[in-house]
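Worksheet: one structure, shown below.
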Amino acid sequence: MLPQFPPSALTHYPGNVHIWQGVENYPLDRGPSVVTIGVFDGLHRGHARLATAAAHYAEKHGITSLMLSFHPHPSSVVGKGIAPLRLSTLEFRAQLAHEIGIDEFVVLSFTPERAGQAPADFVKEVLVDRLHAEHVVVGENFTFGARAAGTPEVLTQLGEEYGFTTEIVPLLKEDGHTVSSTYIRQSLADSRIRDAIQALGHLPRVEGEVVHGAGRGGRQLGFPTANISFASDIALPADGVYAGWFAIVDEGPVEGTIEPQKWYPTAVSVGTNPTFDGAVRTVEAFVLDEDADLYHRYAVVEFVDRVRGMEKFDSVDDLLEHMHRDVAKTREILEDSAVPPTELW
């Protein structure tokens, strides 16, 4: 049985690159391609090197550039069957790849049967017969096939047999660490937002529908917030308050002073609201100097830096005093932060 793909947010992303959900749905008449393969979670700077190499090859040879990703994460199928928290949605990965120069984004259904496939069978079925690969770009730590028997060297040998060339890209290492999704997840967990941004090459984000929360933000505190309904498997920064940017990315007018597809400075609370004995972890964005009805709109929050950790205050007045300080600190941080590019929805 094929895994179920996550609900598509493509309707919320104007102008987004097309995503082929299932390699079997990729048209057979597309002609030769250059393919780069990986999970590409977050599409960080190390991944961008692969995408750039594929895009340059495709441009030079006049062929299609493809990014081949996986759903679900292979770790949820092999080993202990536990997938790491995701850094991004498939849609955002595809959009980042498109900005780099990738033409098509293809998602491979990763099943136990696929995990147990011999490397040679995978290469023939997917890369040769379906995607018509002329050139394949992978990282030096790339593995595939049963028991991870497929390595870049094996891929090179199979390419010689089936008529495609293989390009192996070294891992990106800097400041004593390898730029990886694992490193970025740990940076977020440690509230090291700047380190995460440096590794990603873009701002970490959370996105989802704006839903009703506890209702105390505007009514009781005078700080109305947009409560983002985020996916449970998305990696978030540690609980605390953050400076960031907020945007509504679906189309249609907004009732109030916020315009769709435009970034606004925001103070973001991540956590359980311990002052009110909260138990559910939330992401709540207070958009500075704006007022709008945002319920049921699709929103994106991007994190710039940490303002403070999550605290439990003795009184509402004490909380309000700190919230005013949070807003002032957010303004200060965002004065030195470039507004994110509007095309990366």
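Every heavy atom of this structure was used, including side-chain atoms; hydrogens, water molecules and symmetry mates were not.
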query: Is there a side-chain contact between Glu174 and Val179, using heavy atoms and a 4.5 Å cut-off?
result: yes
message: Let me confirm one number: the OG1-CZ distance from Thr225 to Phe246, rounded to the nearest 0.5 Å.
response: 10.0 Å
- prompt: Could you state the interatomic distance from CZ (Arg49) to CG (Leu171), rounded to the nearest 0.5 Å?
  reply: 8.5 Å
Shortest non-hydrogen contact from Val137 toward Thr36: O-OG1, 3.0 Å
message: Centre-to-centre under 6.0 Å for His132 and Tyr26, is that the case here?
response: no
query: Are the charged groups of Arg86 and Asp41 less than 4.0 angstrom apart, N to O?
result: no
- prompt: Just wondering, do Leu108 and Phe122 contact through their side chains at under 4.5 Å, heavy atoms?
  reply: yes
field: Cation-pi geometry met for Arg205 and Phe92 (6.0 Å, 45°)
entry: yes
- prompt: Is the His296 ring parallel, tilted or perpendicular to the His212 ring (thresholds 30°, 60°)?
  reply: perpendicular
- request: Using the six-membered ring wherever Trp is involved, compare the ring planes of His18 and Trp20 and label them parallel, tilted or perpendicular (cut-offs 30° and 60°).
  value: perpendicular
- prompt: Does atom CG of Asp291 have more than 12 heavy-atom neighbours from other groups under 6.0 Å away?
  reply: no
message: Using side-chain heavy atoms (C-beta onward) and a distance below 4.5 Å, is Ser181 in contact with Val39?
response: no
message: Measuring from atom CG of Leu68 to atom CD1 of Ile37, what distance do you get when rounded to the nearest 0.5 angstrom?
response: 5.5 Å
query: What are the two closest heavy atoms between Ala97 and Leu43, and how far apart are they?
result: N-CD2, 3.3 Å
statement: One should read off an interatomic distance between Glu311 CD and His322 NE2, to the nearest 0.5 angstrom, of 5.0 Å
- line: Tightest non-hydrogen contact, residues Ala54 and Val34, listed as O-CG1, 3.3 Å
query: Quick one: does Asp289's side chain get under 4.5 Å of Arg331's, heavy atoms only?
result: yes
- prompt: Any cation-pi pair here, Arg192 with Tyr183, using under 6.0 Å and within 45°?
  reply: yes
message: Do Val327 and Phe286 have side chains that approach each other closer than 4.5 Å (heavy atoms only, starting at C-beta)?
response: yes
- prompt: Where do Glu290 and Ile258 come nearest, in terms of heavy atoms and distance?
  reply: CB-CG1, 3.8 Å
Salt bridge (charged side-chain N to carboxylate O under 4.0 Å, His left out) between Glu321 and Arg325, intermediate numbers included: CA-CA 7 Å; Glu321 180 182 344; Arg325 293 179 188 173; 2.4 Å; yes
- request: Might you work through the side chain to side chain donor-acceptor pair (under 3.5 Å) test for Glu259 and Tyr264, ending with a clear yes or no?
  value: CA-CA 9 Å; Glu259 299 177 24; Tyr264 293 88; 4.7 Å; no
task: Go through the steps for Thr178 and Leu172 under the test side-chain contact (heavy atoms from CB on, under 4.5 Å), then give the verdict.
output: CA-CA 6 Å; Thr178 298; Leu172 176 59; over 6 Å; no
